[in-house]
J.: 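One structure is given below, represented as structure tokens, and several questions about it will come after.
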Protein chains: 4
Amino acid sequence: MGAVKNKRMPRAVREQQMLDAAVRTFGQRGYRAASMDEIAELAGVSKPLVYLYLNSKEDLFTACIRREAKALTDAVRAGVQPGLAADRQLWEGLRAFFTHTAENPDGWAVLHLQARTHGEPFAAEVSAMREELVVFVTQLIVVGAREAHRDPTLPEREVAGLAEALVGAAESLAAWANATPGVSAKQAAATLMNFAWAGLGDLMEGRPWSPPVRCG
Amino acid sequence: MGAVKNKRMPRAVREQQMLDAAVRTFGQRGYRAASMDEIAELAGVSKPLVYLYLNSKEDLFTACIRREAKALTDAVRAGVQPGLAADRQLWEGLRAFFTHTAENPDGWAVLHLQARTHGEPFAAEVSAMREELVVFVTQLIVVGAREAHRDPTLPEREVAGLAEALVGAAESLAAWANATPGVSAKQAAATLMNFAWAGLGDLMEGRPWSPPVRCG
Amino acid sequence: MGAVKNKRMPRAVREQQMLDAAVRTFGQRGYRAASMDEIAELAGVSKPLVYLYLNSKEDLFTACIRREAKALTDAVRAGVQPGLAADRQLWEGLRAFFTHTAENPDGWAVLHLQARTHGEPFAAEVSAMREELVVFVTQLIVVGAREAHRDPTLPEREVAGLAEALVGAAESLAAWANATPGVSAKQAAATLMNFAWAGLGDLMEGRPWSPPVRCG
Amino acid sequence: MGAVKNKRMPRAVREQQMLDAAVRTFGQRGYRAASMDEIAELAGVSKPLVYLYLNSKEDLFTACIRREAKALTDAVRAGVQPGLAADRQLWEGLRAFFTHTAENPDGWAVLHLQARTHGEPFAAEVSAMREELVVFVTQLIVVGAREAHRDPTLPEREVAGLAEALVGAAESLAAWANATPGVSAKQAAATLMNFAWAGLGDLMEGRPWSPPVRCG
DNA sequence: AATGAATGAGTTTTCATTCAT
DNA sequence: GATGAATGAAAACTCATTCAT
């Protein structure tokens with residue numbers, strides 16, 4: 001189904017097929033509920049081959065997390081043009097993030113839901129990626145603050161919290177946009193930008209963030 | 001462990017012991033990984049009694065979700081004094097929310113992580129609670145906007161999106177605060193209040209939201 | 001449900017209620033699938049009371065078999081007028097048998113299906129009753145043979161086989177009559193009488209058994 | 001025990017071993033009382049393999065019923081020489097039937113007792129086989145009647161009833177013969193032939209059906 | 001490079017049965 | 001005369017994992 005079945009293929013290709021099947025299965029069923037049988041069948045190979053190439057369910061899941069994490073951070077990095085103003089960079093990063101997660105829902109489910117829900121081998125794995133995104137946002141904030149001001153008065157821990165909040169808001173909005181007819185991903189991104197950049201206080205007093213003209 | 005062991009107690013009491021044990025186990029291990037054996041043992045009863053009172057693993061999990069969801073919304077409602085200014089009300093709500101989630105990390109893990117990660121009987125159960133929080137925030141925004149100027153220039157749909165974003169940010173932050181040693185509920189609430197009320201733009205320019213003096 | 005619930009009653013009455021519930025449950029679900037819980041609930045009493053009065057599931061089932069076996073043999077005996085011709089007596093016996101089993105389908109299921117299907121404590125119990133019916137038929141045959149002839153040339157074992165065959169045919173016909181629209185119990189009984197008395201050989205050559213005019 | 005134990009065999013062979021074990025266990029213990037553990041052990045394999053090949057207890061039981069039903073009808077069909085006189089054909093059919101049930105007592109117990117005692121997925125399965133036997137007998141009667149005189153004076157419905165009665169009698173007698181030591185298949189067949197062909201009336205007057213000389 | 005055959009250990013769930021009152 | 005509270009033992013079923021080829 002999508003994968004050509006059964007015939008001798010180089011190891012690298014087979015592995016990607018297996019990871020594809022695994023991400024899909026883990027993303028939809030969850031780590032525990034996904035069975036190696038289902039994954040092998042979806043990949044179009046026999047179970048022993050999965051074990052031969054990927055050792056164990058745990059290793060397989062870890063491989064999924066790594067692949068999907070890399071894909072996501074790559075996408076965000078690729079979407080951002082360095083050197084622009086902080087708000088503009090944030091906007092681009094969010095767009096890239098939303099686009100990628102919308103196009104890879106199973107991968108995102110693996111990273112966001114499954115990996116965090118199942119004990120220690122995996123949570124650490126996803127933390128690494130998260131750290132990378134947080135660093136990205138952190139630098140944005142720090143650099144932005146330095147530009148506007150002179151001192152980086154925001155302590156590191158505070159910045160990490162802000163990044164968490166931002167990602168959580170983004171996730172929520174993405175789900176809401178999907179569930180609410182007539183709300184596009186772009187509108188959702190604009191709402192988030194308003195929220196994150198201007199804040200409720202400004203919004204209530206009529207000072208929204210203005211989205212840049214033409215940027216995509 | 002906390003529960004008096006083994007002998008003849010009224011059903012209502014036993015049920016609470018079981019739910020305590022279940023919330024803890026589900027919160028730490030996850031829905032699938034938690035075994036009824038472990039829950040029964042932690043509750044200090046035999047497995048058949050758990051089934052007699054709570055029917056099935058699914059029903060038990062649902063009962064956990066309901067109990068924890070009610071406890072959380074009750075806590076938030078109880079923490080807010082109506083009639084105050086919007087930012088003050090939001091602040092109080094967030095404090096109550098983060099305090100409760102910090103005091104009940106397993107309950108929060110059940111609601112935020114486990115219930116959403118494991119398919120449809122459960123996700124719907126959590127949505128009801130979430131909706132209640134969203135409505136609370138929505139009204140706050142609407143009232144706050146009306147106070148700030150007179151026209152409701154924020155369209156209804158935009159308000160709904162902002163509320164979603166705020167609740168999502170809070171949820172993520174709560175999980176993060178629980179997982180990060182040394183972050184207190186109050187600090188988490190302050191971080192989110194800054195983010196949500198002042199916005200990143202203001203923060204970068206050194207204009208954080210100032211927490212009200214005298215608040216508990 | 002039919003039984004007045006919950007209030008102090010003499011033991012004999014309670015026992016009958018329990019047996020009623022048990023016969024119904026065993027007859028419909030089978031011995032293993034019937035649960036003491038279900039029986040107790042249907043009887044309108046608590047489980048420990050069932051154990052107090054009837055000791056165990058096995059004893060309860062045995063008590064059901066005995067009660068229903070006695071009821072059936074009593075019904076057949078009551079339906080037959082001694083002293084008549086053999087064919088007439090057989091006809092009456094069959095009518096009584098059909099009537100009773102049709103009116104007590106659960107009891108009949110217990111005797112015919114469940115008791116024989118489940119190992120040794122029970123099969124023996126039902127054999128006793130069966131023996132009684134076989135004796136009845138046997139005597140009919142023997143006496144009839146003696147009347148017509150002089151010697152009882154039919155050996156005992158042969159007679160037991162004939163009785164088995166007769167009961168099997170009766171059961172089959174009863175089920176068939178129930179399942180075939182437009183066939184009354186009486187017609188079924190007549191068919192059986194034809195079959196059993198005249199035999200296929202005679203029937204094929206146009207010599208049916210003629211049912212007695214006016215008999216019940 | 002009969003099956004070579006434990007090592008690497010083609011699926012088809014293993015499946016037959018499993019069915020052998022299952023028929024034996026179901027036939028002796030009954031559907032509910034038979035445990036998959038016992039069946040697996042008797043078959044000389046582990047439980048998971050039974051599930052892998054036969055899916056569930058229900059499916060396993062159904063497979064047993066189908067296999068045994070086919071074996072029985074095949075045996076009867078193979079035992080009958082078409083073109084002979086009706087009584088001769090009936091005699092051959094009965095001999096084949098009783099021989100087969102005597103050689104496969106567990107299979108017959110599954111078909112006659114267990115399958116009918118345990119609700120709807122199974123009862124229907126047996127009905128198909130039974131119908132085949134009924135049709136066989138029906139045609140025999142019709143043809144026999146046509147040979148004996150010329151008019152088919154036996155109405156269709158009556159014939160159907162007679163066939164039901166005969167099959168029911170045979171079924172009962174087979175179970176009885178299996179349970180009664182010292183009764184051979186041939187004796188059982190003779191008893192039934194007497195009963196069904198000559199009828200009790202003739203028997204009492206000393207006119208049994210005479211079995212054909214030279215038949216086995 | 002790839003697989004059909006096989007299982008140990010664990011899961012959820014049910015049930016007959018008893019104890020204390 | 002009657003019951004709410006409680007359990008030991010076993011059942012059906014699943015799954016990650018390996019072996020022999």
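The basis for the numbers below is simple: all heavy atoms, side chains too, and nothing from hydrogens, waters or symmetry mates. Chain letters run A, B, ... following the sequence lines, proteins first, then strands; residues in each count from 1.
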J.: How would DNA chain E look in dot-bracket form, 5' to 3', counting Watson-Crick and G-U wobble pairs with both distances under 3.5 Å and writing | for bases paired to another strand?
T.: .||||||||||||||||||||
J.: In whole Å, I'd like the distance from the CZ atom of R8(B) to the P atom of dT3(F).
T.: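 Computing the R8(B):CZ to dT3(F):P distance gives 16 Å.
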J.: Let me know the distance between CG of L52(D) and C1' of dT17(F), rounded to the nearest Å.
T.: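 That distance rounds to 14 Å.
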J.: So which heavy atom on E68(D) is nearest to which on G107(D), and how close?
T.: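 What the structure gives for the nearest pair is OE1-CA, 3.5 Å.
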J.: Can you tell me how far P of dT17(F) sits from CG of L49(A), to the nearest Å?
T.: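 Taking CG of L49(A) and P of dT17(F), I get 16 Å after rounding.
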J.: Looking at every strand, decide which applies to R11(D) at a 4.0 Å heavy-atom threshold: base, sugar-phosphate, or nothing.
T.: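 Result for R11(D) = sugar-phosphate.
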J.: Which atoms of nucleotides 10-14 of chain F (N or O only) lie under 3.5 Å from a protein N or O atom, and what are those distances?
T.:
from, atom 1, to, atom 2, distance (Å)
dA12(F), OP1, A34(D), O, 3.4
dA12(F), OP1, K57(D), NZ, 2.7
dA12(F), OP2, M36(D), N, 3.0
dC13(F), OP2, Y51(D), OH, 3.2
dC13(F), OP2, K57(D), N, 3.0
dC13(F), N4, K47(D), NZ, 2.4

J.: Is the shortest side-chain N/O distance from R14(D) to OP1 or OP2 of dG4(E) below 4.0 Å?
T.: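 It does not, given that no N or O in the side chain of R14(D) lies less than 4.0 Å from OP1 or OP2 of dG4(E).
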J.: Nearest whole Å is fine: how far is dT12(E) C1' from F61(B) CZ?
T.: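 After rounding, the gap between these two atoms is 16 Å.
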J.: How far apart are the closest heavy atoms of A63(A) and L54(A), and which atoms are they?
T.: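 Answer, listing the atom of A63(A) first, then L54(A): CB-CD2, 4.1 Å.
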J.: What is the separation between atom CE on M9(B) and atom C1' on dA20(E), rounded to the nearest whole Å?
T.: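 The answer, rounded to whole Å, is 15 Å.
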J.: The criterion is salt bridge (charged side-chain N to carboxylate O under 4.0 Å, His left out); which residues satisfy it with D20(B), sequence neighbours excluded?
T.: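 With neighbours one apart ignored, the set is R67(B).
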J.: Can you tell me the distance, in whole Å, between the CD atom of Q17(C) and the P atom of dG1(F)?
T.: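 My rounded result for the distance is 14 Å.
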J.: Quick one: closest heavy-atom pair of R24(C) and L42(C), and the distance?
T.: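 Closest pair (atom of R24(C), atom of L42(C), distance): CB-CD2, 4.2 Å.
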J.: Below 4.5 Å, heavy atoms only, C-beta onward: do E38(B) and R29(B) meet side chain to side chain?
T.: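 Yes, at least one pair of side-chain atoms sits under 4.5 Å.
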J.: Taking 4.0 angstrom as the limit, do E41(A) and K47(A) come out as a salt bridge?
T.: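 Result for this pair is no, no salt bridge flagged.
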J.: Would you find a donor on one side and an acceptor on the other, under 3.5 Å apart, between the side chain of K70(A) and the backbone of M129(A)?
T.: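 Side chain of K70(A) to backbone of M129(A), a donor-acceptor pair under 3.5 Å: no, none is there.
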J.: With side-chain contact (heavy atoms from CB on, under 4.5 Å) as the criterion, how do L60(A) and M36(A) come out once you've worked through the C-alpha distance, each side chain's angles and the decisive distance to 0.1 Å?
T.: CA-CA 10 Å; L60(A) 174 56; M36(A) 295 299 271; 4.1 Å; yes
J.: When the distance from CG of L60(A) to P of dC15(F) is rounded to whole Å, what number comes out?
T.: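 Whole-Å distance recorded here is 16 Å.
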J.: Please state how far atom OH in Y53(C) lies from atom C1' in dT18(E), giving the value in whole angstrom units.
T.: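 Those two atoms, OH and C1', are 18 Å apart.
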J.: Got a donor-acceptor contact below 3.5 angstrom from the H118(B) side chain to the Q114(B) backbone?
T.: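 Side chain of H118(B) to backbone of Q114(B), a donor-acceptor pair under 3.5 Å: yes, one is there.
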